[in-house]
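Computed over heavy atoms, backbone and side chain alike; hydrogens, waters and symmetry mates excluded. So you know, we letter chains A, B, ... as the sequences are listed, proteins then strands, and number each from 1.
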Number of protein chains: 2
Amino acid sequence: MSAREGKDGRAAVRTITDLARLAGVSPGTVSRALAGKSLVNTRTREKIEALAREHGFRPNQMASGLRRQKTGVIGVVIPLGHDIRQQISDSFFMTLLGFLADELTTHGYDLMLRRVVPGDDADWLDRFIGSGMIDGVIVIGQSDQFERIEEVADGYRPMVVWGNHQEGQRHCVVGTDNRLGGRLAAERLIAGGARRIAFLGDTGPMEFAARFAGAQDVAARMGLPPVLALSTHLSPDRASEEIARHLAQHGRAIDGIFAATDTLAALCLTELRAQGLSVPDDVKLVGFDDLPIARQTIPPLTTVRQDIAAGARGLVDLLLRRLGGETTESLVLPPELTVRETA
Amino acid sequence: MSAREGKDGRAAVRTITDLARLAGVSPGTVSRALAGKSLVNTRTREKIEALAREHGFRPNQMASGLRRQKTGVIGVVIPLGHDIRQQISDSFFMTLLGFLADELTTHGYDLMLRRVVPGDDADWLDRFIGSGMIDGVIVIGQSDQFERIEEVADGYRPMVVWGNHQEGQRHCVVGTDNRLGGRLAAERLIAGGARRIAFLGDTGPMEFAARFAGAQDVAARMGLPPVLALSTHLSPDRASEEIARHLAQHGRAIDGIFAATDTLAALCLTELRAQGLSVPDDVKLVGFDDLPIARQTIPPLTTVRQDIAAGARGLVDLLLRRLGGETTESLVLPPELTVRETA
DNA sequence: GACTCATTTGCAAACGTTTGCAAGATTCCT
DNA sequence: AGGAATCTTGCAAACGTTTGCAAATGAGTC
């Protein structure tokens, strides 16, 4: 069986021209028939469609893309700026990615995934865009690349970013109101009686910085001492010991912890228990994200919920509108406090 | 500023021909220079490279792909056969996906992600392959599509599948020895004193069926009653109540549970506690996967570890070898019992 | 300086589709 | 039956690269 033959031994029909020969028409007609254009006679179309089905023919997307100057592919890129190892397997991003895949598929687009380490090449975004392989790009997380993204946004329209919204920024962003989320968290801690509050997590990434700032807002407004920033990495292995160290040092001096993510909160819960501190009696704890794990900790985690599905829908919706030439505003989603038992 | 101009106002150089004009050479020479072929004079090459850098030029991948008949893209497809909602956000698959992205990037390939619901179209795999957009495909999980995959494998070489290995199968698969994993789990339960063992999870998917079978092997060998299959869905919401129901019915009659995944095990732990059964005293519990969550349950979960990173490396390695024309055997990875505190 | 041989370049034909244009085939009037 | 109007179709030129072939250039040898 030669490479030119299908498994049944007949000559394989790989191109639109092959199919045209079989149907006794010109390639142009086949193209039109398969594209479902109205200009082709119904009987001809049906014959061609039948033949295509029979031979399992599918037009080559590369050729089509080249000719039409669009590919039907949306790039999704995850810049790993802050904390290389963890970020990607981070449940939050991964869940978002899942929803994105669904949402894009629904709209007839394919998804090209790329992880980049911006430190290695400053060019990461232009490279992706300039490849000609994608019609638009969704950036998941601004990481430490805010400026780079701003620059690109000036010259490239079909881009939407998941992340934090900043006054006056030029790129179109979809994301939760992190600062408000931080306020909700801090308010809950304080309402439960906490007075000396700590923020657990790296305040480098903008999303986290905003959550931290939100908590600060509330502490200041209530006349409490400033929120203590306990910096950690995101990867569970390193975070665990860092949390243990922080708690050993400050554990007795604080009575409320706002963790930057549920993942950190869950680790923190474990360490708190290990150090003999009870939650929520000795220390109150609020997480962020409302990942599945939040229901499964003991006690179940009070957390600030992000609507990931809505985020994915928003990203895709805005991107498609931009592809259509519209100018779009950023979309800021409201976080929601989900009260369980840790605060 | 017209669409033809870059942000600095100079005419944008979008094609290799534009660049050729600038450099005063022919397009062919530019192509060769940029491809790093040896046939071009060093001085010419340097001039062209400098120009390309200066104008941020990148050759169009679609055109290149069309001409060379290869795209530099590997398709990754997740068939959602058994349990639509959960499977994709399942941490295991997502973690594997992350490692795959890294591994493919390292080898200079891009990753195109597609989720499909095979029920909707029987054609899912051929469609992806026939699109002409990908050089090869990695299927994550056989789901209930074993036969479909076998058929395709007969006529399409560059495909590797993550899943369970079956005697005599025709497609190249990478996966953990699930049956052995099942045996390890059951042996551990029995060594701890369990006599009446249950398997928690859907036994439909082949991977799970093999895990179940492994546990059966051991029970039979030891002369214990057959393992009780407690069927559940994978999505946390439905699984929780199903587990509760199972435990209410059989909870007191069993003393060892082997959960199909860590996610199920974690849910099960919660339900066991809710029903007043203590782990590991009343009931012993072993999970599967060794996801991060396994360390964070209380008590921490004894589980059967799959080496996800090694799996991703294996998948990519075999796929590249197949792209190179080699014939490859399937790769079966050994699972490893990770003992913590639930069994 | 005439010759060979090795390097470096340009030319033009692909890769498989889509699509504007014009020609050919139908239909519908009158 | 003649013509206008409408449908269908074919032709051929793109889309932006890569690459075999041959021409041109340069270096080296006698």
Side-chain angles (χ1 to χ4, degrees), chain A residues 3-4 11-49 51-52 55-73 127 129-135, chain B residues 3-4 11-49 51-52 55-73 127 129-135:
Chain A
R4 295 250 141 215
V13 352
R14 303 178 318 104
T15 77
I16 231 174
T17 314
D18 294 341
L19 198 59
R21 198 175 311 122
L22 245 57
V25 297
S26 79
T29 303
V30 174
S31 172
R32 282 186 272 251
L34 262 32
K37 307 251 173 144
S38 56
L39 320 85
V40 45
N41 183 295
T42 314
R43 275 161 40 91
T44 319
R45 176 204 309 292
E46 276 164 5
K47 179 156 112 195
I48 293 175
E49 277 171 350
L51 243 45
H55 291 83
F57 170 79
R58 330 199 173 282
N60 182 309
Q61 298 274 93
M62 283 262 147
S64 166
L66 177 58
R67 170 64 227 236
R68 299 192 337 205
Q69 295 291 84
K70 54 170 67 174
T71 65
V73 180
R127 272 242 304 283
I129 291 170
S131 72
M133 288 280 275
I134 56 178
D135 290 341
Chain B
R4 295 251 141 213
V13 357
R14 303 178 320 103
T15 77
I16 231 173
T17 314
D18 294 341
L19 197 60
R21 197 175 311 121
L22 245 57
V25 296
S26 77
T29 303
V30 174
S31 171
R32 282 186 271 251
L34 262 30
K37 307 249 173 152
S38 56
L39 318 85
V40 45
N41 184 295
T42 314
R43 276 163 39 90
T44 319
R45 175 203 312 291
E46 277 162 6
K47 178 156 113 199
I48 293 175
E49 278 170 351
L51 243 40
H55 291 83
F57 170 79
R58 331 201 172 281
N60 182 309
Q61 297 275 94
M62 284 260 147
S64 165
L66 177 59
R67 169 64 226 233
R68 300 194 338 212
Q69 296 291 84
K70 55 172 65 174
T71 65
V73 180
R127 271 241 302 283
I129 292 171
S131 72
M133 288 279 277
I134 57 178
D135 290 342

- Message: Could you work out, with side chain to side chain donor-acceptor pair (under 3.5 Å) as the rule, every residue matching B/Ser31, not counting sequence neighbours?
- Response: none
- Query: What integer distance in Å separates B/Leu34:CG from C/dT9:P?
  - Reply: 14 Å
- Query: Should A/Leu19 and A/Ile48 count as side-chain neighbours, where that means a heavy-atom distance under 4.5 Å?
  - Reply: yes
- Roughly how far, to the nearest 0.5 Å, is the CG atom of A/Asn60 from the CG atom of B/Leu66? 6.5 Å
- Winner on side-chain proximity to A/Leu66, out of C/dT17, D/dC15, D/dT17, is D/dC15
- Message: Distance check, rounded to the nearest 0.5 Å: B/Ser26 atom OG versus B/Arg32 atom CZ?
- Response: 6.5 Å
- Query: Is A/Arg14 near enough to C/dG16 that one of its side-chain N or O atoms lies under 4.0 angstrom from OP1 or OP2?
  - Reply: yes
- B/Thr42 OG1 to B/Lys47 NZ distance, which is reported to the nearest 0.5 Å: 13.5 Å
- Message: Using a heavy-atom cut-off of 4.0 Å across all strands, would you classify B/Ser31 as base, sugar-phosphate, or nothing?
- Response: base
- Query: Which atom names give the shortest non-hydrogen contact between B/Val13 and B/Phe57, and what distance separates them?
  - Reply: O-CD1, 3.6 Å
- Message: List the residues meeting side chain to side chain donor-acceptor pair (under 3.5 Å) with A/Thr71, not counting sequence neighbours, and say none if there are none.
- Response: A/Asp135
- Contact under 4.0 Å: A/Gln69 side-chain N or O vs D/dG16 OP1/OP2: yes
- Task: Could you state the atom-to-atom distance from NZ of A/Lys70 to P of D/dG16 in whole Å?
- Result: 15 Å
- Task: First locate atom CE of A/Met133, then atom CZ of B/Arg58, and finally report the distance between them rounded to the nearest 0.5 Å.
- Result: 15.0 Å
- Query: Considering only heavy atoms from C-beta outward, does the side chain of B/Asp18 approach that of B/His55 to under 4.5 Å?
  - Reply: no
- Query: B/Arg43 has an atom CZ; how far is it from atom P of D/dT25, in whole Å?
  - Reply: 16 Å
- Rounded to 10°, the helix from C/dG1-D/dC30 to C/dT30-D/dA1 deviates from straight, judged by its five-pair end axes, by 40°
- Task: Summarise protein proximity over nucleotides 4-13 of chain D in one line of letters, 5' to 3': B for base, S for sugar-phosphate only, - for none, counting protein heavy atoms closer than 4.0 Å.
- Result: ----SBBB-B
- Atom pair distance, as rounded to whole Å: CZ in B/Arg21 and P in C/dG10: 14 Å
- Message: Output the rounded distance in Å from CE (A/Met62) to P (C/dT17).
- Response: 13 Å
- Taking only residues two or more places apart in sequence or in another chain, which ones pass side chain to side chain donor-acceptor pair (under 3.5 Å) with B/Arg45? none
- Item | Atom-to-atom span, CD1 of B/Ile16 to C1' of D/dT19 - whole angstrom | 12 Å
- To the nearest 0.5 Å, tell me how far B/Met62 CE sits from A/Arg67 CZ. 15.0 Å
Under 3.5 Å, which protein N or O atoms sit close to an N or O of nucleotides 26-28 of chain D? Give each pair with its distance.
none

